[in-house]
Asker: 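Please see the structure below; I have some questions.
First listed ligand is number 1; within each ligand, the first listed atom is number 1. Because only heavy atoms are used, hydrogens play no part in the values below, and waters and symmetry mates are left out as well, while side chains stay in.
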Amino acid sequence: MGLDLILGIETSCDETAAAVVEGGRRIRSNVIASQMELHQRFGGVVPEIASRRHVELILPVIDQALRQAGVTLADVDAVAVTQGPGLVGSLLVGISAAKALAFARRLPLIGVNHIEGHIYANFLAHPELEPPLVCLTVSGGHTVLFYVPRFGEYEVLGTTRDDAAGEALDKVARILGLGYPGGPAIDRLARGRDPRKVDFPRAMLDEGYEFSFSGLKTAAVQRLERARRQGEDVDVADFAAAFQEAVVDVLVTKALRAARDKGVRRLIISGGVAANSRLRERLLVEGRAAGLEVYWPPLELCTDNAAMIAAAGYFRLQAGERSPLSLNAEPNLRLR
Ligand code: KG4
Ligand code: ZN
């Protein structure tokens with residue numbers, strides 16, 4: 001039997017997602033049921049609520065993914081599911097569904113690293129794209145720079161020592177009263193603004209590939225509190241633009257440094273923050289000036305989805321890898 005048609009399942013955080021991908025690169029369906037509204041009033045994802053909602057949504061979402069792809073379970077060749085990292089209660093819902101389907105239909109099963117999935121969003125979007133390359137993965141939970149010498153091989157160059165970039169953006173958006181998730185709101189407000197109106201620190205800019213965003217976040221919180229205490233007017237858009245610029249500055253500097261040091265010609269970005277228009281704009285301009293091709297996925301593949309999980313799973317299955325039916329959630333899974 002060939003391994004052409006993969007059913008992907010993703011429930012690592014607050015999106016219940018299923019997708020059917022053909023040949024690792026052709027999306028037949030990509031269904032995402034967002035729980036955003038459920039969590040919005042809490043200002044962040046509530047794990048217990050997320051897993052309960054996944055339980056309600058997982059089967060209808062899988063059904064819809066099959067229907068939209070115009071296939072039935074009998075046509076599916078294998079099941080790929082996010083194993084981690086993520087919220088354990090959320091991960092377990094997708095993993096249980098995947099295991100049940102694999103067992104009932106005697107299908108190969110493959111557990112996929114969520115971060116590897118984010119990288120594969122780029123291979124889905126750009127069929128001609130191939131390693132070697134450097135990848136910057138930035139989301140609400142992760143900030144990682146990788147060197148990818150060939151398919152399926154990863155060298156972690158640097159990660160964040162504290163907060164993820166998206167987490168910092170979300171936090172500052174919240175104190176600015178912009179709601180959750182805050183990244184898109186900051187992006188929108190900052191457009192066309194002068195980012196130099198407020199001065200923010202850039203941590204560890206001059207060396208290496210490690211990131212730190214908690215100092216920047218604290219600086220923003222303190223500045224805002226001081227201004228409010230003293231009755232000063234804070235221009236929210238200027239503040240958002242300056243904060244975003246500080247985050248983007250560090251991301252761009254380190255990504256370009258990694259690409260230069262590794263001698264690659266391609267730089268890709270992935271994860272929810274890869275949707276940020278300022279990050280894209282600066283990487284494009286500065287990347288081109290450095291002789292780099294810069295790639296990112298379309299918006300719907302930047303944030304969590306199951307097509308990227310199916311795509312990453314496809315390549316692992318092709319390489320002969322299989323997961324046992326004892327597959328378990330790994331909330332802190334590392335990329336090897
Ligand atoms: O990849 P993702 O959907 O979930 C995680 O795995 O974390 O990323 C969500 C993150 C949130 O922090 C959100 O604020 C951020 O991505 N984000 C953005 C933008 N769109 C989403 N941040 C900045 N600018 C955007 N346009
Ligand atoms: Zn993600």
Asker: Once you restrict to heavy atoms under 4.0 Å, what part of N276 touches ligand 1? Side chain, backbone, both or neither.
Answerer: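 The part of N276 near ligand 1 is both the backbone and the side chain.
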Asker: Would you tell me whether D163 and S214 have side-chain atoms, one donor and one acceptor, within less than 3.5 Å of each other?
Answerer: no
Asker: Just which atoms of ligand 1 are under 4.0 Å from any heavy atom in G166?
Answerer: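 Ligand 1 atoms under the 4.0 Å threshold to G166: 12 (O).
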Asker: Quick check on the Zn ion (ligand 2): does C13 put an N/O/S atom closer than 2.8 Å to it?
Answerer: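 No, C13 does not qualify, because none of its backbone or side-chain N, O or S atoms lies under 2.8 Å.
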Asker: Relative to the heavy atoms of G140, which atoms of ligand 1 are at a distance of less than 4.0 Å?
Answerer: 5 (C), 7 (O), 8 (O), 9 (C), 10 (C), 12 (O)
Asker: Below 4.0 angstrom from a heavy atom of H118, which ligand 1 atoms are there? Numbered from 1 as shown, please.
Answerer: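 Taking each heavy atom of H118 in turn, ligand 1 has 1 (O), 6 (O) under 4.0 Å.
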Asker: Would you indicate which of A168, G272, G86 comes nearest to atom 16 (O) of ligand 1 when only heavy atoms are counted?
Answerer: G272
Asker: Decide whether an N or O pair under 3.5 Å exists between E167 and ligand 1.
Answerer: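 Min N/O separation from ligand 1 is not below 3.5 Å for E167.
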Asker: Compute the shortest N/O to N/O distance between P181 and ligand 1 and return yes if it is under 3.5 Å, no if not.
Answerer: no
Asker: Would you say the Zn ion (ligand 2) has H118 as a near neighbour, meaning an N/O/S atom of that residue under 2.8 Å away?
Answerer: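 True for H118.
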Asker: Less than 3.5 Å between some nitrogen or oxygen of D304 and one of ligand 1, yes or no?
Answerer: yes
Asker: Does NZ or CZ of K262 lie under 6.0 Å from the centre of the six-membered ring of Y147, at an angle within 45° of the ring axis?
Answerer: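 Judged by the rule (NZ or CZ under 6.0 Å from the ring centre, within 45° of its axis), K262 counts as positioned above Y147.
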Asker: Backbone or side chain, does any N or O of D187 fall under 3.5 Å from an N or O of ligand 1?
Answerer: yes
Asker: What N/O/S atom of D304 gets nearest to the Zn ion (ligand 2)?
Answerer: OD1
Asker: Just which atoms of ligand 1 are under 4.0 Å from any heavy atom in A275?
Answerer: 20 (N), 26 (N)
